[in-house]
Number of protein chains: 2
Amino acid sequence: MRPISEEDLTARARIRDVAMALFAEQGVKATTIRGIAEAAGVSPGLVQHHFGTKEQLRQACDAHVLSYLREQVSAGVTGNELEKPEFVENVHRTAPPLMKYLGRALVDGSPEAAAMFDELVRVTEESLARGDHSEADHRARATVLTAMKLGITVLHEHVSRALGTDLYAPQGALRVGKAQLDLMRPEFLGRELFERARSGLEKYEGRQ
Amino acid sequence: MRPISEEDLTARARIRDVAMALFAEQGVKATTIRGIAEAAGVSPGLVQHHFGTKEQLRQACDAHVLSYLREQVSAGVTGNELEKPEFVENVHRTAPPLMKYLGRALVDGSPEAAAMFDELVRVTEESLARGDHSEADHRARATVLTAMKLGITVLHEHVSRALGTDLYAPQGALRVGKAQLDLMRPEFLGRELFERARSGLEKYEGRQ
DNA sequence: CAACATCCAATACATGCGTATAGGATGCTG
DNA sequence: CAGCATCCTATACGCATGTATTGGATGTTG
């Protein structure tokens, strides 16, 4: 698995990645085709050649995060890749730009991002209902839970500033992860999953 | 206290309110002066006459939410207005657009909104440190707490959709409020404040 | 080698935008 | 009533942007 540098990527992929970064930073409307082209080191015409219109480029970005996230989640959950350090390492290197884009897409009103939000609420609700058969408002709890979780992503810039550390750097992610576990009632992750997460974080802490 | 309808407001205030709503919905860059003018029922020139440039209009919106929020918070906390139903009623009628704007301003990169985030982190951290003199990472907990809380505001559209109810309608706010209390460890609000919040919500529930 | 598809750059064009400017209507003040 | 400030509209201008078009360079295929 060779390290992927920017120059190795095809122009098309480079344009897409740059577009995702700029969309995430400035929003779709404030990002220009010319700006993307310049940042990617190509001509504006090439952007158009590969993606047609700006809207289609945005959809390509949406599709890319969606497929990436589904892929990694299924690899991490169904396949037991989570234990492998190389998997974790790889995720930590490639995920941040995608997460930032997802956060912006949620606010900018992308249908794909909205669908992903709904899906997260659904699986969270199922998980909650499995552990607690009372008449509690699982839908509301699941919604609040995913909104809070994603809220940290959406507000990553402010979180990083308040922390004095980049949220997507190891120390930042660690502090935020532990704080989340501290603040949350353990029941809602399932005691077992909760402990697994805590021990995972502490093992990670030991490595640093 | 007469009910304030749109027509009672001066043109300047009407423009500001419309601008806040459009900025919140679409973002600053995607909102046009002409769009604001049309929605406010005035000419584009008038927007310019009252606020100069689009950037100055944005700053005026920032200043307005800031002063409003500080005013209401101080009235609710230091003054004991929180018990009065008319105060609560008034807040519930006027606050939603301002909260939506604040949420968007945090993502769009307004310095004022960032300052408010930092201030919230600071007071939250002080509150946490007051109740717990251990060596816990109060800064991280405070940051995560405010990011989560504001995250619900920023993602209000998705929260409302997942709930099937407007977050800023009474039932929606109630469900979300209760879910937040359910998910959070009580220690972090302070036991006393926690119970006060819960009883307040339930009293409110009884009214509906 | 010829024909062609693909990748890429350069130019041109129409549109929508922020803003500057000029002028009209209204109400207040001396 | 005269002068003036304020509120408001209409028009115009310069600029940036999305996109269409044209043409060249490169590799691929028959």
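Chain letters run A, B, ... following the sequence lines, proteins first and then strands; every chain starts at 1. Small disclaimer: the values here were computed from a predicted structure and weren't measured.
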Q | Carboxylate-amine/guanidinium proximity below 4.0 Å for B:K178 and A:D137 | A | no
With no hydrogens and no angle check, just 3.5 Å: does a side-chain donor-acceptor pair link B:Q171 and B:T165? no
One should read off an interatomic distance between B:L22 CG and B:D17 CG, to the nearest 0.5 angstrom, of 11.0 Å
If you count heavy atoms of other groups shown closer than 6.0 angstrom to CD of B:E89, is the number above 12? no
note: A:Q56, atom CD; D:dA20, atom C1'; distance rounded to Å ~ 14 Å
Taken to the nearest whole Å, CD1/A:I36 to C1'/D:dG18 is 11 Å
Span of DNA chain C engaged by chain B, first through last nucleotide within the 4.0 Å heavy-atom cut-off, is C:dC17 to C:dT21
Check ion pair B:R185-A:D182 (N to O, under 4.0 angstrom): no
So NZ of B:K54 and NZ of B:K29: to nearest 0.5 Å the spacing works out to 7.0 Å
- Message: Could you tell me if the side chain of B:R104 sits less than 4.5 Å from the side chain of B:V154, heavy atoms only?
- Response: no
Counting primed atoms, P, OP1 and OP2 as sugar-phosphate and everything else as base, the B/S/- map of nucleotides 8-14 of chain D against protein heavy atoms under 4.0 Å is BB--B--
Checklist line | Presence of salt bridge, B:R122 and B:E126, under 4.0 angstrom | finding: yes
Pairing string of DNA chain D (Watson-Crick or G-U wobble, both atom distances under 3.5 Å; | = paired to other strand) is ||||||||||||||||||||||||||||||
Which of A:R141, A:H138, A:R139 passes side chain to side chain donor-acceptor pair (under 3.5 Å) with A:E125? It is A:R139
Determine, for A:F51 and A:R12, whether the Lys NZ or Arg CZ falls below 6.0 Å from the six-membered ring centre while staying within 45 degrees of the axis. yes
